[in-house]
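This report refers to the structure that appears directly beneath it.
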2 protein chains.
Amino acid sequence: MPTLTAAARRERERDSYNAYLAECPSHNLLAQISSKWVTLLLAALSAGPLRYSDLSRAIPSVSQKMLTQSLRTMERDGLVVRTVTAAVPVRVDYELTALGGSLVGLMTQVKDWAESHMDNVYEARREYDSRAAAEPVATLNKRG
Amino acid sequence: MPTLTAAARRERERDSYNAYLAECPSHNLLAQISSKWVTLLLAALSAGPLRYSDLSRAIPSVSQKMLTQSLRTMERDGLVVRTVTAAVPVRVDYELTALGGSLVGLMTQVKDWAESHMDNVYEARREYDSRAAAEPVATLNKRG
DNA sequence: CAGCATCCACATTGATACTG
DNA sequence: CAGTATCAATGTGGATGCTG
């Protein structure tokens, strides 16, 4: 019976590891800010509050669905505040919280790192790709 | 004919914006490190070189597919080096490069931020959720 | 204006089976 | 041991149409 047990044990290991991952704060944060739209929204709002339509115009590539959805999660996570002004056409403003502001600060760090190291990455890619193209025979891969 | 033109213009705006985004270094990097597996692999390798099977055991939740795939991209981007030792059962080691090491450093920054601010996020969520639960009538949402 | 609901296309990932 | 190849499930995001 050990055959089955081994598989079962692996599965349990995975589950617990996944559970652990789900709780990891830094991992959560990373997932959070790494969303394309969250990043862009934080950047757009860093200059000051904006209306829904302003954001829509500031980031032309976002669909209302993702715009709304992203703003909701950000609001829920305390990164932005949503202010509704009851008028004839309703007016909704979004503004960074202090927490959101500090996240922008972190993203700036990331940005700086990226800009100072991206050359290395690009060159590494070029090298890797040229090596791959010049590959002797190898195990008969795609390009065969 | 302006009706069509407006839509077309929006589309073009999006395309160019998307093209811009695709080139943005910090955005690329963010996408890179925010991959679940890349993060975990960097962390696992930060202590020193490991073999393929070691990594597999260190991160029980990863499938060979994603393990290999992630390692390949990381290798291509110059974050790790792959060393094959021709023996009877082949031996392959993975090791962080200097570039990979500095990325680990960045991730540490992110981790620190996350750990020091995650409480705020969690509390914001609790508040938001309780407010949502106490919602007066609203526009007849899910929980209706 | 600001948003929600629905349907759908596509990319990402996981499970499985096989190989040098 | 260290992968490759393939298929199926899943989720994420986009387009569209409608509302207060």
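Keep in mind the model is a prediction, meaning the values are calculated, not measured.
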Short side-chain N/O contact from R72(B) to OP1 or OP2 of dG3(D), under 4.0 Å: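 Yes.
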dG3(D) OP1/OP2 closer than 4.0 Å to side-chain N/O of R82(B):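 Answer yes for this pair, as a side-chain N or O of R82(B) is under 4.0 Å from OP1 or OP2.
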Report the distance from atom [atom1] of [X] to atom [atom2] of [N], rounded to the nearest whole Å.
| X | N | atom1 | atom2 | answer |
| --- | --- | --- | --- | --- |
| R91(A) | dG3(C) | CZ | P | 12 Å |
| D93(B) | dA2(D) | CG | P | 8 Å |
| Q64(A) | dA15(D) | CD | C1' | 9 Å |
| L67(B) | dC1(D) | CG | P | 13 Å |
| Y94(A) | dC1(C) | OH | C1' | 11 Å |

Residues in contact with DNA chain C, drawn from residues 31-60 of chain B - heavy-atom cutoff 4.0 Å: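 Nucleic-acid contacts, sorted: W37(B).
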Side-chain donor-acceptor pair present, T68(A), Y52(A), cut-off under 3.5 Å: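 A pair is found: one side chain offers a donor N or O, the other an acceptor, under 3.5 Å apart.
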Flag, side chain of D54(B) to backbone of R51(B), donor-acceptor distance under 3.5 Å: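 Flag set: sc D54(B) to bb R51(B) pair under 3.5 Å.
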Test item: S102(A) side-chain N/O and G105(A) main-chain N/O as donor-acceptor pair under 3.5 Å: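 Absent.
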Euclidean distance, [Y] [atom2] relative to [X] [atom1], rounded to 0.5 Å:
| X | Y | atom1 | atom2 | value |
| --- | --- | --- | --- | --- |
| Q69(A) | S35(A) | CD | OG | 8.5 Å |
| L30(A) | I33(B) | CG | CD1 | 5.0 Å |
| L67(B) | L71(B) | CG | CG | 4.5 Å |
| L50(B) | Y94(B) | CG | OH | 11.5 Å |
| S61(A) | W37(A) | OG | CH2 | 3.5 Å |

From dG14(C), dG3(D), dG3(C), nucleotide with atom closest to T68(B) side chain: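 Per side-chain heavy atoms of T68(B), the pick is dG3(D).
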Salt bridge (charged side-chain N to carboxylate O under 4.0 Å, His left out) between D77(B) and R125(A), intermediate numbers included: CA-CA 5 Å; D77(B) 288 356; R125(A) 283 186 193 171; 2.6 Å; yes
Sugar-phosphate only, base, or nothing, as touched by V92(A) at under 4.0 Å among non-hydrogen atoms: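 The residue V92(A) makes sugar-phosphate contact but no base contact.
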Kindly give the atom pairs (protein nitrogen or oxygen, nucleotide nitrogen or oxygen) under 3.5 Å for nucleotides 6-12 of chain C.
none

